[in-house]
Student: 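Sharing a structure, written as structure tokens. Questions coming.
Order of the sequence lines fixes the chain letters, A, B, ..., with proteins taken first and strands second; residue numbering starts at 1 for each chain.
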Protein chains: 2
Amino acid sequence: MKTDLDDIDRRLIAILQNDGRRSFKEISEETGIPASSVRYRVQRLEESGTLQIVGVADPLRIGFDRLALVGLKCEMGKARLVCEELSKLPETSYVVLTTGPFDVMVEVVCRDVAHYTEFLHDRLPKQDGIIGAETFFVLEAYKLAYGWGVGDAPADSTGDAGDEPSAEPEGAPTT
Amino acid sequence: MKTDLDDIDRRLIAILQNDGRRSFKEISEETGIPASSVRYRVQRLEESGTLQIVGVADPLRIGFDRLALVGLKCEMGKARLVCEELSKLPETSYVVLTTGPFDVMVEVVCRDVAHYTEFLHDRLPKQDGIIGAETFFVLEAYKLAYGWGVGDAPADSTGDAGDEPSAEPEGAPTT
DNA sequence: AATGAAATTTAAACCAT
DNA sequence: ATGGTTTAAATTTCATT
């Protein structure tokens with residue numbers, strides 16, 4: 001549960017955010033840190049849950065054509081319960097508790113409109129605590145970045161290599 | 001710009017969604033597909049933008065505490081331009097064109113409230129085509145999944161290994 | 001906890017089908 | 001597009017500081 005990263009950790013994360021398969025040796029050459037140390041650090045980051053190296057597939061290209069963002073209004077005091085329950089559903093890929101006009105925002109990934117309809121009209125109404133839902137269908141995805149923040153992280157004393165901070169599938173939208 | 005994946009592609013994606021650094025040789029043994037073919041396929045998936053292998057850092061553990069979803073109303077015909085431009089900003093991690101009350105939805109990751117304020121009040125207004133913005137601050141993130149859909153993809157004739165479909169940082173909310 | 005050097009494993013390039 | 005083979009490179013292990 002360590003939360004304190006040093007500049008080396010941040011540099012390693014920044015590099016891996018761009019390319020999760022960069023070899024430790026290349027990272028070593030790029031940073032001047034010994035390869036075995038790079039590996040040691042990365043392993044620690046992974047084990048602590050701070051960093052995950054994963055394959056990310058563009059849902060719009062793999063047959064899951066219907067992405068929707070859904071804003072939910074919940075009964076007072078029920079929003080967290082709603083979050084917990086919706087997190088368990090396979091269709092949800094993003095569930096957060098928010099301030100503002102909606103209490104909960106959810107991203108739902110469906111194969112097609114029928115799949116979404118079933119989700120919205122059969123599944124959601126069964127969930128206790130939800131008052132209303134507003135659907136935002138995703139027409140085009142311009143940026144789906146999973147590399148957060150480290151690229152322009154607080155003061156990098158190790159000397160920044162000027163890497164791009166985030167990883168997008170492509171410059172152009174995917175439809 | 002191929003969009004048609006076969007079952008082999010889907011299996012490779014499913015495996016890499018769980019662990020982006022699995023060696024091609026291991027994948028080869030697991031699937032029975034020759035290692036050179038595995039590499040060839042993965043390379044194609046990456047080059048076509050279908051799959052990305054990236055390091056994902058938990059923003060709430062690396063000092064980027066302020067996540068916000070922002071719904072934007074745009075001038076008629078300007079929404080795509082807005083998407084393109086906002087995608088270029090380092091603070092945005094998610095930019096999509098939507099139907100519904102908002103034309104564009106954006107996820108913004110900031111270090112602190114001051115950083116977000118600067119983004120919302122200094123940077124956004126300079127962008128042509130935006131009429132209005134509504135902020136949903138993320139209080140708690142319950143699910144941040146990067147593995148989309150493939151886990152329960154349409155009929156897998158190659159014989160599914162029963163891997164977990166998605167990768168969440170944690171079951172409980174991160175605050 | 002971090003590093004260096006060894007042995008082992010893996011990936012990349014190539015070529016044939 | 002696939003599969004095999006070889007060469008070069010990277011990872012892992014383990015001893016050392």
Student: Do B/K88 and B/E84 sit within salt-bridge range, that is, some charged N less than 4.0 Å from a carboxylate O?
Tutor: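 Result for this pair is no, no salt bridge flagged.
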Student: For A/Q43, run the side chain to side chain donor-acceptor pair (under 3.5 Å) check against A/R39, A/E46, A/R41 and tell me which one passes.
Tutor: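 Output: one option passes, namely A/R39.
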Student: Taking the side chain of A/E26 as heavy atoms from C-beta outward, which of D/dT11, C/dA11, D/dA10 is closest to it?
Tutor: D/dA10
Student: Round to the nearest Å and state the distance from B/R22 atom CZ to D/dA10 atom C1'.
Tutor: 18 Å
Student: Evaluate the ring planes of B/F137 and B/Y116, with Trp represented by its six-membered ring, and classify them as parallel (under 30°), tilted (30 to 60°) or perpendicular (over 60°).
Tutor: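 Rings of B/F137 and B/Y116: perpendicular, over 60°.
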Student: What is the distance, to the nearest angstrom, from the CD atom on B/Q43 to the P atom on C/dT10?
Tutor: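 Roughly 19 Å, once rounded to whole Å.
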Student: To the side chain of A/Y40, which of D/dA1, C/dT3, D/dT13 is closest?
Tutor: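 Selected nucleotide (nearest to the side chain): C/dT3.
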Student: Would you indicate which nucleotide in D/dA1, D/dG3, D/dT13 comes nearest to any side-chain atom of B/S37?
Tutor: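 Looking only at heavy atoms from C-beta outward on B/S37, the closest nucleotide is D/dG3.
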Student: Please confirm whether any donor atom in the side chain of B/R44 sits under 3.5 Å from an acceptor in the base of D/dA1, or the reverse.
Tutor: no
Student: Given atom CZ of B/R21 and atom C1' of C/dA11, what is their separation to the nearest angstrom?
Tutor: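 Value for this atom pair: 12 Å.
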Student: From CD1 of A/I33 over to P of C/dA2, roughly how many Å is that when rounded to an integer?
Tutor: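 The distance from CD1 of A/I33 to P of C/dA2 comes to 11 Å, rounded to the nearest Å.
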Student: In terms of hydrophobic clusters joined by side-chain contacts under 4.5 Å, are B/I27 and B/I8 together?
Tutor: yes
Student: Between A/Y94 and B/Y94, how do the two ring planes meet: parallel, tilted or perpendicular, split at 30° and 60°?
Tutor: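 A/Y94 vs B/Y94 ring planes: parallel.
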Student: Given atom NZ of B/K25 and atom P of D/dT12, what is their separation to the nearest angstrom?
Tutor: 13 Å
Student: Walk me through whether B/E47 and B/R44 qualify under salt bridge (Lys or Arg N to Asp or Glu O under 4.0 Å).
Tutor: CA-CA 5 Å; B/E47 280 166 2; B/R44 272 178 60 88; over 6 Å; no
Student: How close or far is atom C1' of D/dG3 from atom CZ of B/R41, stated in whole angstroms?
Tutor: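 B/R41 atom CZ is separated from D/dG3 atom C1' by 13 Å.
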Student: A/R39 has an atom CZ; how far is it from atom C1' of C/dA1, in whole Å?
Tutor: 14 Å
Student: B/G20 and B/I53: which non-hydrogen atoms are nearest, and at how many Å?
Tutor: O-CG2, 3.4 Å
Student: Just the atom pairs and distances: protein N or O near nucleotides 4-6 of chain C's N or O, under 3.5 Å.
Tutor:
from: C/dG4; atom 1: N7; to: A/S36; atom 2: OG; distance (Å): 2.9

Student: Can you measure from CG (B/L51) to CG (B/L12) and round to the nearest 0.5 angstrom?
Tutor: 9.0 Å
Student: How close or far is atom P of C/dA2 from atom CG of A/L45, stated in whole angstroms?
Tutor: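 Rounding to the nearest Å, CG of A/L45 and P of C/dA2 are 11 Å apart.
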Student: Stem ranges for DNA chain C, with three or more consecutive Watson-Crick or G-U pairs under 3.5 Å?
Tutor: C:1-5 with D:13-17, C:7-17 with D:1-11
Student: Looking only at heavy atoms, what is the nearest atom pair of B/V82 and B/C74, with distance?
Tutor: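 For B/V82 and B/C74, the tightest heavy-atom pair comes out as CG2-SG, 3.9 Å.
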